[in-house]
Amino acid sequence: MHLKILVTAGDGIGPEVTNEAVAVLNEIAQAGGHTFEFDHRRIGGVAIVQDGTPLPADTLAAALDSDAVLLGAVGGNEFNSLAPDKRPEAGLLQIRSALGGFANLRPAFAFKELAVNSPLRPEIIDGADILFVRELLGGLYFGKPREWDKTTGRAFNTMVYTRDEVARVARIAFDLARGRRKKLTSVDKANVLEVSQLWRATVIEVAAEFPDVALDHQYVDAMAMHLMNRPKDFDVVLTENLFGDILSDESGVITGSLGMLPSATIGGKVNLYEPVHGSAPDIAGKGLANPLGAIMTAALILRHSGGLEAEAAAIEAAVRKVLEQGFRTPDLLRGNKEGLTVLSTTEMGAKVRETVKVQLLAPSR
Ligand code: IPM
Ligand code: MG
């Protein structure tokens with residue numbers, strides 16, 4: 001398998017964690033005779049500083065010319081006063097839109113070993129395994145008109161979806177549910193918003209194509225609570241853009257850390273892969289960042305762009321083993337270090353690579 005992967009490491013901890021993801025991919029390439037070709041370009045704050053724009057033209061061209069894009073994180077406190085279209089995040093939204101992927105898959109898996117990190121009781125989260133499918137190109141993020149009129153002191157955004165935009169992401173979610181526990185929960189606010197009424201009606205229409213998948217609907221406010229009370233009841237969770245942004249961060253409580261969440265965006269010209277966590281400027285450059293979200297994102301590249309399921313599973317199993325063996329980055333400690341070994345970002349990466357090698361030779365779980 002040959003893959004041309006563009007790495008846009010971005011800001012804060014982005015470069016540190018993507019380095020480890022790339023190193024794991026190199027390990028997989030070497031072991032299996034695959035060739036992964038990496039190109040590196042700027043995006044976000046680092047691009048604003050060096051190129052004067054959050055998404056330089058050469059980054060976009062290289063992205064469109066690749067098989068997959070691996071993004072670290074964007075954003076930094078020094079850009080907080082900029083207008084939305086000038087900020088590092090604008091670079092991310094532009095590249096999402098240009099690559100065209102509309103289905104953002106955010107798996108949230110509760111590793112048993114990390115249950116102690118969650119404020120939720122272990123029996124509530126143990127075994128939770130949710131796949132969020134977040135619509136990524138519509139809703140408030142891209143809806144027009146949008147404006148902050150400083151003279152009148154009035155600002156607005158537009159939450160807009162078409163039937164086709166809902167149907168295409170719903171189909172992907174139903175299809176993924178078929179390969180899992182065959183349950184789909186669609187999230188909306190249909191008791192208040194017309195756009196949610198369209199969402200719900202469209203999801204019900206699409207459901208007719210998937211009679212083997214059980215569908216239910218939840219209002220987003222209730223869903224925020226159900227996720228904390230009974231996360232094990234959910235399999236695939238389908239949401240519009242902003243609701244998915246919010247609920248996927250909330251799922252960091254189920255996994256014990258936001259640093260454990262990978263994502264893959266599919267359905268467009270080029271798939272885009274990014275961990276769910278942000279740039280964490282407070283810990284950047286200190287070797288404290290947890291690379292496991294980025295490493296599991298690398299596994300998603302293998303699964304969704306390379307068709308290398310065994311290799312993707314080997315990475316995921318290696319992450320599990322490393323946790324079972326008591327290795328933790330500092331974000332995965334909650335006070336109690338007993339029986340645990342604290343590793344830096346690069347040490348954790350090395351530990352996963354070592355374990356991946358063993359997994360590839362003798363796969364377990
Ligand atoms: C995410 C992030 C982004 C989003 C930001 C950085 C623009 O929070 O991927 O969840 O809101 O989509
Ligand atoms: Mg977010």
Side-chain angles (χ1 to χ4, degrees), residues 8-15 17-18 21 42-48 53-55 59 63 69-108 130-143 146 157-159 161 165 169 187 220 223-224 227 237-255 257-268 271-282 284 289-290 293-294 296-297 300:
T8 49
D11 305 321
I13 62 170
V17 298
T18 47
R42 286 188 289 271
I43 196 168
V46 62
I48 293 176
T53 167
L55 181 63
T59 302
V69 177
L70 170 62
L71 188 132
V74 297
N77 298 330
E78 61 272 44
F79 307 104
N80 283 349
S81 58
L82 297 179
D85 64 335
K86 300 278 184 298
R87 293 172 59 110
E89 289 83 351
L92 175 55
L93 297 182
Q94 283 163 25
I95 201 170
R96 283 179 182 169
S97 155
L99 297 182
F102 53 84
N104 178 221
L105 319 184
R106 299 191 157 189
I130 303 174
L131 175 61
F132 289 89
V133 179
R134 168 188 176 193
E135 200 292 326
L136 204 64
L137 291 187
L140 286 165
Y141 277 67
F142 292 96
R146 55 188 297 160
N157 290 90
T158 304
M159 187 188 262
Y161 274 102
E165 284 172 326
V169 71
V187 176
V220 61
M223 187 64 186
L227 272 177
V237 174
L238 171 66
T239 75
E240 67 88 51
N241 205 344
L242 182 67
F243 297 164
D245 178 48
I246 297 169
L247 295 182
S248 64
D249 262 41
E250 194 192 15
S251 70
V253 176
I254 301 167
T255 61
S257 167
L258 199 51
M260 296 303 295
L261 299 171
S263 98
T265 304
I266 64 172
N271 292 349
L272 173 64
Y273 298 87
E274 35 174 332
V276 172
H277 64 68
S279 59
D282 50 321
N290 176 2
M296 290 191 288
T297 298
L300 297 183

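If you read the sequence from its start, that first residue is 1, and numbering goes on from there. These numbers come from a predicted model, not from an experiment. Whatever order the structure lists them in is the order used to number ligands and atoms, beginning at 1.
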Open item on the list: Below 3.5 Å, N or O to N or O, backbone or side chain included: is there any such pair between Asp249 and ligand 1?
Closed with: no
- [ ] Give, for atom OH of Tyr161 and atom CG of Leu137, the distance between the pair rounded to the nearest 0.5 Å.
- [x] 8.5 Å
TODO: Compute the shortest N/O to N/O distance between Asp245 and ligand 1 and return yes if it is under 3.5 Å, no if not.
DONE: yes
- [ ] Could you grab the distance from atom CG of Leu227 to atom CD1 of Ile254, nearest 0.5 Å is fine?
- [x] 5.0 Å
TODO: Using a 4.5 Å cut-off on heavy atoms from C-beta on, say whether the side chain of Arg134 contacts that of Asn241.
DONE: yes
TODO: Can you pull out the closest protein heavy atom to atom 4 (C) of ligand 1? Residue, atom name and distance to 0.1 Å, please.
DONE: Tyr141 OH, 3.5 Å
- [ ] Please report which non-hydrogen protein atom sits nearest to atom 3 (C) of ligand 1, along with the residue it belongs to and the distance in Å to one decimal place.
- [x] Arg96 NH2, 3.9 Å
Open item on the list: Quick one, Asn104 and Arg96 - any side-chain contact, counting heavy atoms below 4.5 Å?
Closed with: no
- [ ] Answer whether the closest heavy-atom distance between the side chains of Leu261 and Ser251 falls below 4.5 Å.
- [x] yes
Task: 2.8 Å cut-off met by an N, O or S atom of Asp249 to the Mg ion (ligand 2) - done: no
TODO: Might you work through the side-chain contact (heavy atoms from CB on, under 4.5 Å) test for Leu92 and Glu274, ending with a clear yes or no?
DONE: CA-CA 10 Å; Leu92 175 55; Glu274 35 174 332; 3.7 Å; yes
Task: ligand 1 atoms in contact with Glu89 (distance to a heavy atom under 4.0 Å) - done: 6 (C), 7 (C)
Open item on the list: Heavy-atom distances under 4.0 Å decide this one: backbone, side chain, both or neither, for Arg87 against ligand 1?
Closed with: neither
TODO: Specify side chain, backbone, both or neither for His277, according to which of its non-hydrogen atoms lie closer than 4.0 Å to ligand 1.
DONE: neither
Task: Gap between atom CG of Leu136 and atom OH of Tyr141 - 0.5 Å precision - done: 8.5 Å
Task: Arg106 neighbourhood, listing ligand 1 atoms whose heavy-atom distance to it stays under 4.0 Å - done: 1 (C), 9 (O), 10 (O)
- [ ] Could you tell me which N, O or S atom of Asp245 is nearest to the Mg ion (ligand 2)?
- [x] OD1
